[in-house]
Amino acid sequence: MKRNTWDKSQLKWREFKEEDWKSVHEYASQPIVCTYQPWGPNTIDDSKAFVDQVIKDREIDHRTRFAFAILYKEKVIGTGELNIDDAVNLAGVISYILHPGYWGKGLGTEVANRLLQYGFKEMGLHRICATCDPGNTGSARILTKVGMKKEGRMRENLYMKDGWRDSLLFSVLEHEWTDPF
Ligand SMILES: CC(C)(COP(=O)(O)OP(=O)(O)OC[C@H]1O[C@@H](n2cnc3c(N)ncnc32)[C@H](O)[C@@H]1OP(=O)(O)O)[C@@H](O)C(=O)NCCC(=O)NCCS
């Protein structure tokens, strides 16, 4: 069987709808998805609260949170997020989460590429960064593949369920980035 049998044209994103909490819950309730996250595994209330908060955050003036539902063949399979953390200095942060049933097909890389394209082309950002757990080799690989450079290791910047955690910091600048699409 071919490893990469997914059809790129079937990967889409859109704004979240209230009823998407069920699809979010399908992946966010799984311990494997939350291994490197400070949240989860989600209860039903957690998944509902996540979608409600995303919807509220997009209604505010000067929106800074752009969290999109990722769809494959019209099914919500994850979240891709761009946050403008410094509007004055045109800086943003990306993150992504996918349902484990869709891992290993290049979709994570595709989502990261689309988030960078959105940040640089649509939002006019100058710098985009991302962080990941030092043990999250899949995410670190994605960030390198999409053209980000490792800036270093932040010490104990995140409090997890089992204590303080370091994070690797990656970034890419507008003039370094090549649009892959
Ligand atoms: C991280 C995540 C998005 C990866 O998604 P994915 O669709 O499987 O990633 P891709 O298929 O695009 O893989 C990208 C690269 O990472 C590698 N990779 C993916 N998962 C890996 C793993 N667990 N261990 C080692 N390498 C891995 C792939 O082999 C590929 O490298 P290659 O092109 O050199 O072969 C997914 O595992 C996920 O949602 N994890 C939970 C949430 C999370 O950790 N998000 C990131 C927060 S920083």
Side-chain angles (χ1 to χ4, degrees), residues 1-13 16 20-21 23-42 46-47 50-51 53-54 65-73 75-83 85 91-119 127-162 164-172 177-181:
M1 203 172 98
K2 266 169 62 188
R3 181 176 171 265
N4 286 326
T5 51
W6 68 285
D7 175 2
K8 225 174 188 179
S9 68
Q10 297 290 342
L11 189 79
K12 296 179 183 148
W13 74 21
F16 271 101
D20 289 332
W21 73 264
S23 303
V24 168
H25 194 64
E26 279 181 32
Y27 60 83
S29 59
Q30 298 191 37
I32 194 174
V33 173
C34 315
T35 308
Y36 301 114
Q37 310 300 331
W39 52 265
N42 275 9
D46 292 334
S47 296
F50 167 77
V51 174
Q53 192 61 53
V54 163
R65 186 182 191 190
F66 298 82
F68 299 109
I70 307 294
L71 287 82
Y72 189 67
K73 295 190 175 170
K75 177 178 168 46
V76 174
I77 61 153
T79 304
E81 186 154 347
L82 170 74
N83 280 276
D85 64 337
V93 187
I94 60 165
S95 58
Y96 37 75
I97 289 160
L98 295 176
H99 188 296
Y102 296 82
W103 291 0
K105 296 173 167 38
L107 298 178
T109 305
E110 181 74 10
V111 170
N113 270 323
R114 290 191 192 186
L115 287 168
L116 291 182
Q117 187 189 50
Y118 187 77
R127 170 190 157 91
I128 299 178
C129 69
T131 60
C132 73
D133 187 298
N136 195 347
T137 41
S139 189
R141 176 83 188 117
I142 287 177
L143 297 174
T144 306
K145 279 183 78 176
V146 299
M148 290 185 141
K149 291 188 168 65
K150 190 168 133 187
E151 291 192 352
R153 181 168 177 141
M154 298 191 284
R155 298 184 308 138
E156 300 195 358
N157 69 316
L158 198 59
Y159 192 74
M160 301 283 283
K161 293 144 242 177
D162 53 355
W164 290 103
R165 188 203 93 178
D166 291 357
S167 297
L168 301 182
L169 174 64
F170 292 79
S171 72
V172 59
W177 178 72
T178 311
D179 191 340
F181 299 108

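In what follows, every heavy atom counts, from backbone to side chain, and hydrogens, waters and symmetry copies are set aside. Remember, it's a predicted structure, so these values are computed and weren't measured experimentally. Counting starts at 1 for both ligands and their atoms, in listed order.
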With distance as the sole test, does [X] use its side chain to make a donor-acceptor pair with the main-chain N or O of [Y] at under 3.5 Å?
{"X": "Y36", "Y": "P134", "value": "no"}
{"X": "K161", "Y": "P38", "value": "no"}
{"X": "D133", "Y": "G135", "value": "yes"}

Does [X] reach ligand 1 with a nitrogen or oxygen that is under 3.5 Å from one of the ligand's nitrogen or oxygen atoms?
{"X": "G108", "value": "yes"}
{"X": "N136", "value": "yes"}
{"X": "R141", "value": "yes"}
{"X": "G104", "value": "yes"}
{"X": "Y96", "value": "yes"}
{"X": "V33", "value": "no"}
{"X": "G106", "value": "yes"}

- Item | Distance in Å, E110 CD paired with L98 CG, rounded so as to fall on 0.5 Å steps |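 Going from CD on E110 over to CG on L98, the span is 11.0 Å.
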- Any chance you could measure E81, atom CD, to I94, atom CD1, to the nearest 0.5 Å?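 Between E81 CD and I94 CD1, I get 11.0 Å after rounding to 0.5 Å.
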- What residues form a side chain to side chain contact (heavy atoms under 4.5 Å, CB included) with A140, not counting sequence neighbours?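 A140: side chain to side chain contact (heavy atoms under 4.5 Å, CB included) contacts with C132, F170.
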- Item | Residues in side chain to side chain contact (heavy atoms under 4.5 Å, CB included) contact with D179, at least two apart in sequence or another chain |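 Side chain to side chain contact (heavy atoms under 4.5 Å, CB included) check on D179 returns Q117, K121, W177, F181.
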- Would you say H99 touches ligand 1, if touching means a heavy atom closer than 4.0 Å?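 For ligand 1, residue contact (heavy atoms, under 4.0 Å) with H99 is absent.
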- Task: Give a yes/no on ligand 1: does E110 have at least one heavy atom closer than 4.0 angstrom to it?
- Result: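 Not so, E110 does not reach ligand 1.
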- Task: Give the single entry among T137, I94, D133, L143 that approaches atom 24 (N) of ligand 1 most closely by any heavy atom.
- Result: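 Looking at heavy atoms only, the winner is T137.
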- Selection from A28, S139, G138 by shortest heavy-atom distance to atom 21 (C) of ligand 1: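 Ranked by closest heavy atom to atom 21 (C) of ligand 1, first place is G138.
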- Message: Do Y72 and K105 have side chains that approach each other closer than 4.5 Å (heavy atoms only, starting at C-beta)?
- Response: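 A side-chain contact under 4.5 Å is absent here.
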- Quick one: does F50's side chain get under 4.5 Å of T79's, heavy atoms only?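 Contact flag for F50/T79 side chains = yes.
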At less than 4.0 angstrom from any non-hydrogen atom of [X], what atoms of ligand 1 do you find?
{"X": "I97", "answer": "39 (O), 42 (C)"}
{"X": "Q37", "answer": "42 (C), 43 (C), 44 (O), 45 (N), 47 (C)"}
{"X": "K105", "answer": "11 (O)"}
{"X": "T131", "answer": "48 (S)"}
{"X": "L107", "answer": "7 (O), 12 (O)"}

- Could you tell me if the ring centre of W13 sits under 6.0 Å from that of Y118?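 Judged by ring-centre distance (under 6.0 Å), W13 and Y118 do meet the cut-off.
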